Asker: 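Shown below is the structure under consideration.
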Amino acid sequence: MDYEVYWHSSAHVLAAAVKRLWPDVKLGIGPAIEKGFYYEFYGRTFSKEDLERIEEEMRKIIKEDPKFIRKEISKKEAEKLFKDEPFKLELLRKMEGEKVSIYETGDFVDLCKGPHLRSAGEIKHVKLLRVNAAYWLGDEKNPMMQRIYGISFKTKKEMEEFLRMLEEAEKRDHRKIGKQLDLFGLYELVGPGLPILHPKGMTIRKELVKLMREVNDRLDFQEVYTPHVAKCELWRRSGHYEAYKENMFIFKVNKEEWGIKAMNCPFHIQVYKSRARSYRDLPVRYSEFATVYRREKSGELSGLLRVISLTQDDHHIFAREDQIKEEVEKLVRASIDVLKGIFKMRVKVKLSTKPEKHIGSDEIWEKATNALKSCLEEMKVEYELKEGEGAFYGPKIDFDAMDSLGRWWQLTTIQLDFFMPQRFELEYVDKDGSKRRPVMIHWALLGSLERFMGVMIEHYAGKFPLWLSPVQVRVLPITDRNVNYGRKVWGRLKSKGIRAELDDSRNTLQYKIREAQLQKIPYMVIVGDKEEKGKSIAVRDRSGKTKYGIKLNDFIKDLLKKIEERSV
Ligand SMILES: [Zn+2]
Ligand SMILES: [Zn+2]
């Protein structure tokens with residue numbers, strides 16, 4: 001069901017409860033969000049005990065069951081009504097029109113457009129989840145607000161299900177697992193939003209790059225490499241200086257302005273432009289694993305999911321108009337193959353069309369949009385049409401993927417672009433000798449390697465499939481006597497390219513097994529006297545099942561097959 005009104009109404013009840021307990025606390029805003037609601041306050045830092053008290057007060061209000069009453073009043077009246085609420089006054093000043101609407105619930109009044117429930121009693125189950133600090137209206141120059149988050153449901157079952165998922169999500173938090181498995185680190189001295197991959201995290205990244213290079217080879221992309229900095233002349237030419245400067249790192253050296261790259265497109269365009277192109281050369285396809293840097297407010301940074309330095313699996317195709325459909329079809333297929341086939345995620349496709357503000361003729365928009373539509377339809381890919389939500393420079397296809405906890409992540413985008421070719425005056429010579437302009441297609445399948453890795457850590461809860469596991473096998477000699485044999489087994493595994501470790505510590509077998517379990521290693525190879533004598537191994541998998549008397553060669557063959565298929 002749609003809970004937006006329900007949650008927004010719950011936010012009002014939250015604010016009403018806080019005002020009852022601490023009348024001097026000032027009110028910010030209180031919207032419904034994707035899952036639940038929050039309300040912002042100024043003038044008190046809330047403790048865990050506070051949240052419990054507020055929750056109790058909310059239940060009291062819900063029991064009293066006051067109606068949500070909408071009233072329209074003049075701005076003047078509203079200013080009087082909210083004279084002690086500086087943040088509401090600020091919002092009021094920004095509002096257009098003579099009249100504003102307010103909502104009353106019992107003795108609580110809020111400036112609000114609505115709509116709302118009929119009465120507070122409709123809220124059945126409510127829980128406050130956490131509190132954190134956030135700048136008023138997201139601006140670092142503004143005061144710091146205390147934001148209380150909550151959730152509410154009609155049924156107990158929904159609440160229990162939600163709390164269970166929340167607990168599971170916390171257990172899977174990629175920052176927590178990242179530390180536990182030693183995958184990456186964030187360092188205050190380095191700066192926020194700049195993760196450093198540790199060796200095991202780098203192994204995962206290398207596997208992702210390897211996968212994408214295979215995809216790129218199949219689709220005939222040619223890999224290029226471009227620098228991290230360019231003169232601002234380039235960014236002016238591309239239009240980023242004008243439109244995106246706020247998000248870029250720009251600096252001056254010897255009076256010349258430079259920008260750290262936030263996009264790769266302008267560089268790939270240089271390669272296209274480096275020689276004359278004929279219609280027979282097209283499509284031209286370039287790919288790059290390229291780190292770009294984008295300024296973010298420090299409050300919005302989060303582990304690997306929201307960072308300043310992100311590495312795109314970036315692709316650009318320069319194509320003739322009549323090639324759009326065929327090219328996009330290949331990209332759609334490859335995207336689904338990877339997200340669904342390899343990572344076992346459900347996929348949702350969205351097609352965004354011409355917005356009001358746009359460049360390019362209606363004719364080319366229509367042609368391109370129809371190409372995208374018929375491509376999806378012929379492939380029998382279901383999609384949601386987002387009318388008018390394309391970028392100003394072209395229509396696009398986005399892919400959301402659902403992880404094992406049922407959360408959607410926007411990962412892949414295929415973006416048509418009529419703007420860049422125009423800005424950079426790209427051309428090719430057509431059959432009849434005339435000069436024509438190619439269309440550009442931007443594509444990133446994984447999106448950013450950092451973010452994708454963060455999503456995968458949570459998707460798999462750190463139990464990566466074999467091919468992606470930083471350590472695939474750990475060899476555990478049962479006693480000191482078996483260390484030499486264990487070392488031989490370990491050497492054989494490594495010589496076959498399997499990522500293996502040897503635990504030659506003096507700990508007990510139980511302890512060694514527990515350690516390997518905590519590291520979520522797919523296979524343990526256990527060797528004792530019996531194995532040594534029989535020239536065999538015992539193999540324990542992640543589910544805890546152990547098989548004895550296995551020949552090492554058979555085990556290796558089986559592993560290599562699974563790794564190659566990226567099956568489990
Ligand atoms: Zn409201
Ligand atoms: Zn691009």
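Each ligand, and each atom within it, is numbered from 1 in the order the structure gives. Because the structure is predicted, anything quoted here is derived from the model rather than measured.
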Asker: Verify whether one side chain among Ser74 and Glu98 offers a donor that lies under 3.5 Å from an acceptor in the other.
Answerer: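 Per modelled atom types, Ser74 and Glu98 side chains form no pair under 3.5 Å.
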
Asker: Are the charged groups of Glu90 and Lys94 less than 4.0 angstrom apart, N to O?
Answerer: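 Salt bridge: yes.
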
Asker: Quick one: does NZ or CZ of Arg320 land under 6.0 Å from the six-membered ring centre of Tyr428, within 45 degrees of the ring axis?
Answerer: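 Output no; distance or angle outside limits.
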
Asker: One thing to verify: whether Arg44 and Asp24 come together as a salt bridge, which I'm taking to mean a side-chain N less than 4.0 angstrom from a carboxylate O.
Answerer: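 Not counted as a salt bridge, because no side-chain N and carboxylate O are separated by less than 4.0 Å.
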
Asker: Would you call the rings of His316 and Phe318 parallel, tilted or perpendicular, taking 30° and 60° as the class edges?
Answerer: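 Ring orientation, 0 to 90° scale: tilted.
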
Asker: Ring of Phe267, cation from Lys261 - is the NZ or CZ under 6.0 Å from the centre and inside 45° of the axis?
Answerer: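 The answer is yes, since Lys261 meets both limits relative to Phe267.
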
Asker: Between Arg236 and Glu257, does the salt bridge (Lys or Arg N to Asp or Glu O under 4.0 Å) criterion hold? Intermediate values first, please.
Answerer: CA-CA 11 Å; Arg236 283 205 182 86; Glu257 239 186 333; 3.1 Å; yes

Asker: So, with waters excluded, how many protein N/O/S atoms does the Zn ion (ligand 1) have closer than 2.8 Å?
Answerer: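 Every protein N, O or S atom under 2.8 Å from the Zn ion (ligand 1) counted, the figure is 4.
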
Asker: Identify which protein N/O/S atoms are less than 2.8 Å from the Zn ion (ligand 2).
Answerer: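 Cys265 SG, His316 NE2, His442 ND1, with waters left out.
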
Asker: Quick test of your reading of the model: are Arg237 and Glu425 salt-bridged, counting only N-O distances below 4.0 Å?
Answerer: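 Salt bridge present between Arg237 and Glu425.
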
Asker: When you compare the side chains of Gln312 and Asn264, does any donor N or O come within less than 3.5 Å of an acceptor on the partner?
Answerer: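 The answer is yes; a qualifying pair exists.
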
